[in-house]
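In what follows, a structure is listed as structure tokens, so that the remarks can point back to it.
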2 protein chains.
Amino acid sequence: MSEIERCEFLCVHQDTVEKVLKQMPSDEKLYDLAELFKVFGDSTRIKILYALFEAELCVCDIAQLLGLSQTAVSHQLRILKINSLVRARKDGKNVFYSLADSHVRQIIGQGMEHVEE
Amino acid sequence: MSEIERCEFLCVHQDTVEKVLKQMPSDEKLYDLAELFKVFGDSTRIKILYALFEAELCVCDIAQLLGLSQTAVSHQLRILKINSLVRARKDGKNVFYSLADSHVRQIIGQGMEHVEE
DNA sequence: ATAACATATGAACAGATGTTCATATGAAAG
DNA sequence: CTTTCATATGAACATCTGTTCATATGTTAT
């Protein structure tokens, strides 16, 4: 038994650990949850989402608004779309993006409350 | 004027953009918000936080519970602590960690709702 | 004091992530 | 149908991030 493993069998509070284990969601769910937060965890994407709080915007609008390149915005919108955080509506040459659902507002709102303390 | 810039001055919906700009939080706040979500955006840290939903746990408990090395857990707890998501209580050789406040539960809860759809 | 133990920390390394550049796609106008 | 424009996408590159390994710190028991 290696040094590292030793600790795990001596100091562990077994009853507590077992109680907690029963309540844990599946690994898959926890992985998905982390993936979701990862999407929010980039300031470019947060800025895009926040911009969409107020209005439906095309790629160009977002790029100018935030001082970013069209390419960078497009790449990030792709990620937001894949994760169902934004929706796309095509209108001629333009593609207008908007928030996908109210969860996005709620999650960002909660985060902002925490940050503002 | 380069090809990329051209788009920004032709297709932009100026009035909408200006309206949105007025409502945007400061860059600093948006950066902090992204940093916060970045902390939630890792499955090891999410697992640790979820484990702490149920009970106060020492480093060893968490390591065994999640099948991780003591070192990895310790590093992640450090990040969680710096970002005020967990609190540490020292008791002899052990250090017990617990959730810092209810925001953590709320943010994770909202995220989970989104994932479970 | 010294040994055993729980936790923390620094350096190194591998893998992930975001931007840029070049180019492709698809739609409207001439 | 060719050009122009708005958007999308792939590859390359630099940076960031998480784990491991080695070791340090601080606490309890002998």
Side-chain angles (χ1 to χ4, degrees), chain A residues 1-13 17 31 34-48 56-83 86-97, chain B residues 1-13 17 31 34-48 56-83 86-97:
Chain A
M1 194 183 284
S2 81
E3 250 177 290
I4 288 167
E5 282 164 14
R6 203 189 306 149
C7 149
E8 300 186 8
F9 291 88
L10 293 182
C11 87
V12 166
H13 306 78
V17 167
Y31 179 83
E35 288 304 301
L36 175 69
F37 284 124
K38 205 171 285 181
V39 179
F40 288 98
D42 173 79
S43 48
T44 299
R45 288 191 292 267
I46 281 283
K47 283 177 190 173
I48 292 176
E56 182 187 62
L57 295 169
C58 76
V59 179
C60 246
D61 292 341
I62 298 171
Q64 197 208 25
L65 190 64
L66 305 178
L68 299 166
S69 72
Q70 176 268 320
T71 314
V73 172
S74 198
H75 276 298
Q76 297 308 338
L77 282 170
R78 185 169 183 275
I79 294 173
L80 292 171
K81 198 179 163 190
I82 287 171
N83 287 276
V86 304
R87 259 211 273 281
R89 175 178 72 81
K90 206 166 184 178
D91 179 21
K93 280 184 289 188
N94 287 310
V95 179
F96 288 92
Y97 285 87
Chain B
M1 198 182 281
S2 82
E3 248 175 292
I4 287 165
E5 283 166 12
R6 202 187 307 148
C7 148
E8 300 187 7
F9 290 89
L10 292 183
C11 87
V12 166
H13 306 77
V17 167
Y31 179 83
E35 288 304 300
L36 175 68
F37 284 124
K38 205 171 283 181
V39 179
F40 288 99
D42 173 81
S43 48
T44 300
R45 287 192 293 267
I46 280 283
K47 284 177 188 172
I48 292 175
E56 181 187 62
L57 296 168
C58 76
V59 179
C60 247
D61 293 341
I62 298 172
Q64 198 208 25
L65 188 64
L66 305 177
L68 299 167
S69 70
Q70 176 269 320
T71 313
V73 172
S74 198
H75 276 297
Q76 298 307 337
L77 282 170
R78 185 169 183 275
I79 294 173
L80 292 171
K81 198 178 163 194
I82 287 172
N83 287 276
V86 303
R87 259 210 275 281
R89 176 178 72 82
K90 206 166 185 180
D91 179 21
K93 279 184 289 189
N94 288 311
V95 178
F96 288 93
Y97 285 86

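To find a chain, count down the sequence lines: A is the first, B the second, and so on, and within it residues start at 1.
One donor-acceptor pair, N or O on each side, does fall under 3.5 Å between the base of dT20(D) and the side chain of His75(B). No hydrogens or angles were tested; on distance alone, nothing pairs the side chain of Gln70(A) with the base of dA6(D) as donor and acceptor under 3.5 Å.
Ranking dT19(C), dG26(C), dT19(D) by closeness to the Gln76(A) side chain, first place goes to dT19(C). Of the listed nucleotides (dA6(C), dG18(C), dA8(C)), dA6(C) has the atom at the smallest distance from the side chain of Asn94(B). Nearest to the side chain of Ile79(A), among dT7(D), dT19(D), dG18(C), sits dG18(C). Relative to the side chain of Thr71(B), the nucleotides dG26(D), dT7(D), dC21(D) differ in distance, and dC21(D) lies closest.
Between Phe37(A) and Phe37(B), the ring planes lie parallel to each other; the angle is under 30°, not in the 30° to 60° tilted range.
As rounded to whole Å, 11 Å separates atom P of dG18(D) from atom CG of Asn83(B). Regarding Asp42(A), its CG atom lies at a distance of 17 Å from the P atom of dA16(C), rounded to whole Å. Taking atom OH of Tyr31(B) as the reference point, atom C1' of dG18(C) lies 14 Å away to the nearest angstrom. Here dA24(D) presents its C1' atom at 17 Å from NZ of Lys93(B), a figure rounded to the nearest Å. Spacing between atom CD1 of Ile62(B) and atom C1' of dT19(D) amounts to 17 Å, rounded to whole angstrom units. Protein atom NZ of Lys38(B) is 5 Å distant from nucleotide atom P of dT17(D), rounded to whole Å. The CG atom of Asp91(B) sits 18 Å away from the P atom of dC5(C) (whole-angstrom rounding). Leu68(A) has its CG atom 8 Å from the P atom of dT20(C), to the nearest Å.
Between the side chain of Asp42(B) and the backbone N or O of Arg45(B) there is at least one donor-acceptor pair closer than 3.5 Å. One N or O on the side chain of Asp61(B) and one on the backbone of His13(A) form a donor-acceptor pair closer than 3.5 Å.
One finds a side-chain N or O of Arg45(A) lying less than 4.0 angstrom from the OP1 or OP2 phosphate oxygen of dG18(C). Applying the 4.0 Å criterion to OP1 and OP2 of dT20(D), one finds that Ser69(B) has a side-chain N or O inside that range. Taking side-chain N and O atoms only, Thr44(B) has a distance below 4.0 Å to OP1 or OP2 of dT19(D). A close approach under 4.0 Å does occur between a side-chain nitrogen or oxygen of Arg78(B) and OP1 or OP2 of dT9(C).
Residue-to-nucleotide proximity on DNA chain C shows that, of Gly92(A) and Glu35(A), the 5′-proximal contact is made by Glu35(A). Nearer to the 5' terminus of DNA chain C, by closest-nucleotide assignment, is the contact made by Ser74(B) (compared with the other of Gly41(A) and Ser74(B)).
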Check: Going through the checks in order, is the side-chain contact (heavy atoms from CB on, under 4.5 Å) test met by Thr44(A) and Leu68(A)?
Finding: CA-CA 9 Å; Thr44(A) 299; Leu68(A) 299 166; 3.6 Å; yes
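For Arg78(B), the CZ atom sits in a loose shell: 12 or fewer heavy atoms of surrounding residues, nucleotides or ligands are nearer than 6.0 Å. Within 6.0 Å of OH on Tyr31(B) lie no more than 12 heavy atoms contributed by other residues, nucleotides or ligands.
Counting non-hydrogen atoms under 4.0 angstrom, Tyr97(A) reaches the backbone sugars and phosphates but no base.
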